[in-house]
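Report on the following structure.
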2 protein chains.
Amino acid sequence: MSVATQTEAVPEPRIPLSKERVLRAAVGIADEEGIEALTMRHLADELGAEAMSLYYHVANKEAILDGVVEAVIEEIEEAVGGYEVPTDLDDWKAALRERILLARNVMLRHPWAPGIIETRRTQSLAAVRYFEGLAGVLREGGFSYDLIHHAMHALGSRALGFSQELFEPDDPESSDEDATAMMEAMADQFPYIIAMLGEIAHDDPDSTLGWCDDQIEFEFGLDLILNGLEGHLEAS
Amino acid sequence: MSVATQTEAVPEPRIPLSKERVLRAAVGIADEEGIEALTMRHLADELGAEAMSLYYHVANKEAILDGVVEAVIEEIEEAVGGYEVPTDLDDWKAALRERILLARNVMLRHPWAPGIIETRRTQSLAAVRYFEGLAGVLREGGFSYDLIHHAMHALGSRALGFSQELFEPDDPESSDEDATAMMEAMADQFPYIIAMLGEIAHDDPDSTLGWCDDQIEFEFGLDLILNGLEGHLEAS
DNA sequence: ACCTGAACACCGTTCAAGT
DNA sequence: ACCTGAACACCGTTCAAGT
């Protein structure tokens, strides 16, 4: 019957599925609805297909998670503009710092990515390429391979632009009054922590209690490591 | 009928469930069978009860995961022997280092714990107590609260004794020959990484290719941060 | 070659009901 | 007070069957 009506929307000519489309849609769902919304059924829905159809293009859900990590790290590669070691490298520290902060920008666009990167048992090719690039910068900066190896471990996830925040970033539910009340209640149990939080709040009255500028803290920790590595380099 | 036989085992007088028993059993399952084996049904089975009975003692599975993290951190508290700041503290760096390495020992007994600690949205009381202890050591060591705050962020998960290893620790499946073959295949694509791995293998022929001594690397990274903090302390 | 319906073996969880 | 059976709404996945 719908054929009769002139104004009827022509049904979208079905775009065939593909691994790329599946992965792109997966990243989209994670970005917009959170990683827990990424189920096979929901993903298929988003693509106008059935869950079972996905298995024709990917082995299983783990493969999707692998692919999604790969996609994010390729986004870093794009942001960095490729991993070629600059021929005129005169400051390995600045070069490394810049790459890592660019990686961080990508991670901030995909806040769910760190959590799933850490669950991968084996690193994607894209990640190996990224680390190869970092190793190149260090090597051309004068590092021994032994020190490069230590550097990779010391940086850990910071190399990819994130560090696991052990306390929750910030809770939009809780008010300043709540926080103040809680602080007073805990003051005798946790004097050092309370004093610390109090000082932070004093230094920066705009920040909610217990909330920290993650960017500044990330850079502080990163610089601590980079400077430490520089010390080792000079001593060698 | 079983009542008649003398040798019949008396049926275990049912020990009532409790939050503590549930959590202890949960830690046991995660230790022995891995965290993915920790399901409500399996946990109840282990306790000789039905899954639904657990809900009388804990709110839900999230609460069990919270409790299990709490238990692990209390194990750290025990290993450290309480978090009292030594009255004769003459070396904050050694004191902090020791606490963190003791925490690491506990984490090595519960290799699944880091992964689930990172999924907690809010820290347990036991964790706050632990960090209070670290803050105390730093404060009595002469740190400003501002620097203590930076230190906490810079340490990140290292404060609790673990760092996320981005490459898999080691794969018992793959042989040295496999690894050598793979290395040669990748040598032109990833010259720096291959050279790095080659040098490690050369320095320590006992280690499998690509495998690293996590303890040494953990301590290297930790010392980098502690020494960096010392620099900030002396400069202040 | 590509997609799907029906079905399976699992999850966590609710609720009314049992002792 | 403490535990459970039946049931629900979800998972990921297999497989034979459709076009």
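Chain identifiers are assigned alphabetically (A, B, ...) following the order of the sequence lines, protein sequences preceding nucleic acid strands; residue numbering begins at 1 within each chain.
- A perpendicular orientation is assigned to the rings of B/Tyr130 and B/Tyr83, their planes being inclined by more than 60° (bins at 30° and 60°).
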Under the rule of Watson-Crick or G-U wobble with both distances under 3.5 Å, where | means paired to another strand and [ ] a crossing pair, DNA chain D maps to ||.|||||...|||||.||
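- Phosphate proximity of C/dC2 to A/Ser53: absent, as no side-chain N or O sits under 4.0 Å from OP1 or OP2.
- Counting to the nearest Å, the P atom of D/dT13 and the OH atom of A/Tyr55 are 4 Å from each other.
- Side-chain atoms of A/His57 and A/Glu20 include no donor-acceptor pair closer than 3.5 Å.
- OP1 and OP2 of C/dC11 both lie 4.0 Å or more from every side-chain N or O belonging to B/His42.
- In this structure, B/Ile64 atom CD1 and C/dC11 atom P are separated by 13 Å, rounded to whole Å.
- Going from atom CE of B/Met40 over to atom P of C/dT13 covers 6 Å, rounded to whole Å.
- Remark: B/Tyr56 is not in phosphate contact with D/dC3, judged by side-chain N or O atoms under 4.0 Å from OP1 or OP2.
- Checked for salt-bridge contact, A/Arg121 and A/Glu62 miss the test: no charged N lies under 4.0 Å from a carboxylate O.
- Between the side chain of A/Lys61 and the backbone N or O of A/Leu38 there is at least one donor-acceptor pair closer than 3.5 Å.
- When rounded to the nearest whole Å, the span between CD of A/Glu50 and P of D/dT14 equals 17 Å.
- The side-chain hydrogen bond (donor to acceptor under 3.5 Å, both in side chains) check on A/Arg109 picks up A/Glu75, with sequence neighbours excluded.
- Following rounding to the nearest Å, B/Ile29 (CD1) and C/dC11 (P) show an atom-to-atom distance of 11 Å.
- Comparing D/dT13, D/dA6, D/dC3 by their closest approach to the side chain of B/Met52 singles out D/dA6.
- Comparing A/Arg41 and A/His57 against DNA chain C, the residue whose closest nucleotide sits nearer the 5' end is A/His57.
- A/Arg99 pairs by the salt bridge (Lys or Arg N to Asp or Glu O under 4.0 Å) definition with nothing, not counting sequence neighbours.
- Between A/Glu62 atom CD and D/dT13 atom C1' the separation is 13 Å, expressed in whole Å.
- The distance from atom NZ of A/Lys61 to atom C1' of D/dT14 is 18 Å, rounded to the nearest whole Å.
- Stacking of A/Arg158 on the aromatic ring of A/Phe218 is recorded, both the 6.0 Å distance cut-off and the 45° axial limit being met.
- Between A/Asn60 atom CG and D/dC11 atom C1' there is a gap of 14 Å when expressed in whole angstrom units.
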